[in-house]
Colleague: 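This is the structure, below, for whatever I ask next.
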Amino acid sequence: MSASERESSASMYICICNAIRETEFRTAALGAGCNAAGVYERLGKRPQCGQCLDDAEDLLGEYRSACMNRRIAA
């Protein structure tokens, strides 16, 4: 994946209702615990229609896996 492709995918909206971009979501996930509700709370928002929750949980799963891989490699 090229740098422009990564930038484009990272700036995609994860939640349209709250205008939360994937990069903002990932940053908030750093200190929000293990679930999407914690990330939304950290951002001062809450899910509206709920369409994003599955994608948000998937994103958190990827994030947790990447963190674990970094810990194991260190």
Colleague: Taking all heavy atoms of Ala28 and all of Val39, pick out the closest pair and write down the distance.
Modeller: CB-CG1, 3.8 Å

Colleague: Would you compute the distance between atom SG of Cys52 and atom CD1 of Ile20 and round it to the nearest 0.5 angstrom?
Modeller: 7.0 Å

Colleague: Is the terminal nitrogen or CZ of Arg46 (NZ for Lys, CZ for Arg) located under 6.0 angstrom from the six-membered ring centre of Tyr40 and within 45° of that ring's axis?
Modeller: no

Colleague: From Arg42 CZ over to Glu24 CD, what is the distance, rounded to the nearest 0.5 angstrom?
Modeller: 11.5 Å

Colleague: So which atom in Ala56 and which in Phe25 form the shortest heavy-atom distance, rounded to 0.1 Å?
Modeller: CB-CZ, 3.5 Å

Colleague: Does Ser11 offer a backbone N or O that forms a donor-acceptor pair with the side chain of Arg21 under 3.5 Å?
Modeller: yes

Colleague: Do Asn18 and Gln48 touch side chain to side chain, with heavy atoms closer than 4.5 Å?
Modeller: yes

Colleague: Decide side chain to side chain contact (heavy atoms under 4.5 Å, CB included) for Glu62 and Arg26; before the verdict, give the C-alpha distance in whole Å, the side-chain angles of both, and the deciding distance to 0.1 Å.
Modeller: CA-CA 10 Å; Glu62 292 171 15; Arg26 287 180 187 272; 3.9 Å; yes

Colleague: Shortest non-hydrogen contact from Ala29 to Leu60?
Modeller: CB-CD2, 3.6 Å

Colleague: Can Leu43 be reached from Leu53 by stepping across I, L, V, M, F, W or Y side chains whose heavy atoms are under 4.5 Å apart?
Modeller: yes

